[in-house]
Amino acid sequence: MGLQQRPPLLLTQGDPSGIGPELSLRAWLEREAESVPAFGIVGDPGHLDRVAKSYGWDVPIAAVEPGQIRFTFSSALPVVPLSAPVAAEPGKPDPANAPSVIESIETAVRLVQDGSAAAVVTNPIAKHVLYEAGFRHPGHTEFLAALASEAGPETYHPVMMLWSEQLAVVPVTVHIPLANVPSALTTELIVLTGRIVARELRQRFGVENPRLALAGLNPHAGESGAMGTEDGSIIVPAVDILRSEGIDVTGPLPADTMFHARARSRYDAALAMYHDQALIPIKTIAFDEAVNVTLGLPFVRTSPDHGTAFDIAGKGIARPDSLMAALKLAARLGRP
């Protein structure tokens, strides 16, 4: 089935006071020049219309059912309406908008699970704003995993991959303080993450024999224990287990020599031991084009690799590159 016949993508609203609405509108405006796949937004048509008019952009807004998205996309931005209007000012986050943010995510997940959409692409949210409204999940990804688990008895371990044409990285531990990383890092967690990454590279990305490279935790991958014992006691056993399962994996490798062009040619994905060890190289190499992909869920979810950017919301200067890359990757990975 060609891309034009596939179910469309669904883009979530994100925080309506951030740059999500602006980027969504610009992605539609640049749809032909950038070959953006068909998508609809789960949001408030009136709010998006007001944002477009505030910039003087000619973006027709059409409230539609999911089945109409693909037929509407060429002439208007399709919007699957929320249950209530959204009142938001750029750059002024408001916990009163939290219900619309949550409803948009829940609706998009439900529609992709029932086959009405091929994948979910999420606009950025501000967790602190949702927390003020009583949101109890640690973050966006954990909420998606909880929604996925509601459909049946299976539980899911979501894995965050930052992907670009030049580099794909996975942080094994994610949003925790650096001081807590050594105690949170276990052989079992590395093995579970490696299995999920290898499986999804095969099944979704079409990499027949995925090659994984594991970064060391300490400088010089511990220098044989001289700079820390975790590399030998935690990471090496994980490498041995993954190899015994037939996965092509190398490591632990010194992280300071893993990310130049020649080194990157030797692997398909790098597993880093903590957040910044993964995100610094990819944001240096592909700041505007990198995409956040959630592995380990029963559906495809991608997201631009940036936040709500309240400081520039409403100024018309936010670049849509990462959102458009997220839409294109979602179309590539999503259900046929």
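Residues: numbered from 1 along the sequence shown. Keep in mind that this is a model prediction, so the values were computed, not measured.
Summarising the geometry of Gly334 relative to Ala119, their closest heavy-atom pair is CA-CB, 4.4 Å, with the distance given to 0.1 Å. Between Thr72 and Ala62, the closest heavy-atom pair is CG2-CB, 3.7 Å. Between Val64 and Pro78, the shortest heavy-atom distance links the atoms CG2-CB, 3.7 Å. The nearest pair of heavy atoms linking Ser149 to Tyr156 is OG-CD1, 3.5 Å.
A 4.5 Å side-chain heavy-atom check between Asn97 and Ser17 finds at least one atom pair inside the cut-off. The shortest distance between side-chain heavy atoms of Arg204 and Arg199 does not fall below 4.5 Å. Residues Glu200 and Leu333 fail the side-chain proximity criterion, which asks for heavy atoms closer than 4.5 Å. Taking 4.5 Å as the limit, every side-chain heavy atom of Met160 sits out of range of all side-chain heavy atoms of Leu295. Considering only heavy atoms from C-beta on, Val42 comes within 4.5 Å of Leu82 through its side chain. In this structure, Thr12 and Val121 have side chains that are not in contact, with every pair of non-hydrogen atoms separated by 4.5 Å or more. Contact of the Ile282 side chain with the Ser164 side chain is registered, since non-hydrogen atoms from C-beta on lie closer than 4.5 Å. Residues Leu271 and Thr193 meet the side-chain proximity criterion, which asks for heavy atoms closer than 4.5 Å.
Under the 3.5 Å distance criterion, with hydrogens and angles disregarded, no donor-acceptor pair is assigned to the side chains of Asp44 and Gln13. Residues Asn292 and Asp305 have side chains that never bring a donor and an acceptor to within less than 3.5 angstrom of each other. Remark: the Arg301 side chain and the Thr141 side chain contain an N/O donor-acceptor pair separated by less than 3.5 Å. Side-chain polar atoms of Ser83 and Glu103 form a donor-acceptor pair below 3.5 angstrom. Side-chain contact annotation: Ser322 with Glu289, donor-acceptor N/O pair under 3.5 Å absent.
One hydrophobic cluster, built from ILVMFWY side chains closer than 4.5 Å, holds both Val120 and Leu130. Criterion: ILVMFWY side-chain heavy atoms under 4.5 Å apart, direct or through other members. Under it, Val59 and Val80 are not part of a common hydrophobic cluster. Taken together through direct or relayed side-chain contacts under 4.5 Å among Ile, Leu, Val, Met, Phe, Trp and Tyr, Leu201 and Leu242 form part of one hydrophobic cluster. In the hydrophobic cluster analysis, where Ile, Leu, Val, Met, Phe, Trp and Tyr join through side-chain heavy atoms closer than 4.5 angstrom, Leu297 is grouped together with Leu147. Linking Ile, Leu, Val, Met, Phe, Trp and Tyr whenever their side-chain heavy atoms come within less than 4.5 Å puts Leu192 and Ile235 in one cluster.
Annotation: the span from Leu77 atom CG to Trp28 atom CH2 amounts to 7.0 Å, rounded to 0.5 Å. Distance CZ/Arg31 to OG/Ser74: 7.0 Å, rounded to 0.5 Å. Taken to the nearest 0.5 Å, the CG atom of Leu323 stands 5.5 Å off from the CG atom of Asn123. With rounding to the nearest 0.5 angstrom, the CG atom of Leu212 is 12.5 Å from the CZ atom of Arg195. Between Asp268 atom CG and Arg211 atom CZ the span is 4.5 Å, to the nearest 0.5 Å. Rounded to the nearest 0.5 angstrom, Ile280 CD1 and His275 NE2 are separated by 9.5 Å.
Remark: Tyr131 OH is packed, more than 12 non-hydrogen atoms of other residues, nucleotides or ligands lying under 6.0 Å away. More than 12 heavy atoms of other residues, nucleotides or ligands shown are found within 6.0 angstrom of CG on Asp311. Sparse packing is recorded around CD of Glu65, with 12 or fewer heavy atoms of other residues, nucleotides or ligands lying under 6.0 Å away.
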Checklist line | Derivation of the side chain to side chain contact (heavy atoms under 4.5 Å, CB included) call for Arg70 and Phe73 | finding: CA-CA 6 Å; Arg70 189 160 52 85; Phe73 184 73; over 6 Å; no
Next item on the list: Would you please test Leu10 and Ile69 for side chain to side chain contact (heavy atoms under 4.5 Å, CB included) and show each step?
Entry: CA-CA 9 Å; Leu10 273 179; Ile69 291 173; 3.8 Å; yes
Notebook entry, point to check: Given the rule in the side chain to side chain contact (heavy atoms under 4.5 Å, CB included) test, do Asn218 and Asp231 qualify, once you have shown the distances and angles that lead to the verdict?
Noted result: CA-CA 7 Å; Asn218 297 296; Asp231 299 277; 2.8 Å; yes
Next item on the list: Evaluate side chain to side chain contact (heavy atoms under 4.5 Å, CB included) for Val112 paired with Leu9, printing each intermediate quantity in order.
Entry: CA-CA 8 Å; Val112 78; Leu9 306 175; over 6 Å; no
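Ring geometry, Phe205 versus Trp163: the interplanar angle falls from 30° to 60°, so the pair is classed tilted. Using the six-membered ring where Trp is involved, His137 and Phe143 have ring planes that are tilted, between 30° and 60° apart.
Salt bridge status for Glu208 with Arg202: absent, with no side-chain N to carboxylate O gap under 4.0 Å. In this structure, Arg26 pairs ionically with Glu30, as a charged nitrogen and a carboxylate oxygen lie closer than 4.0 Å.
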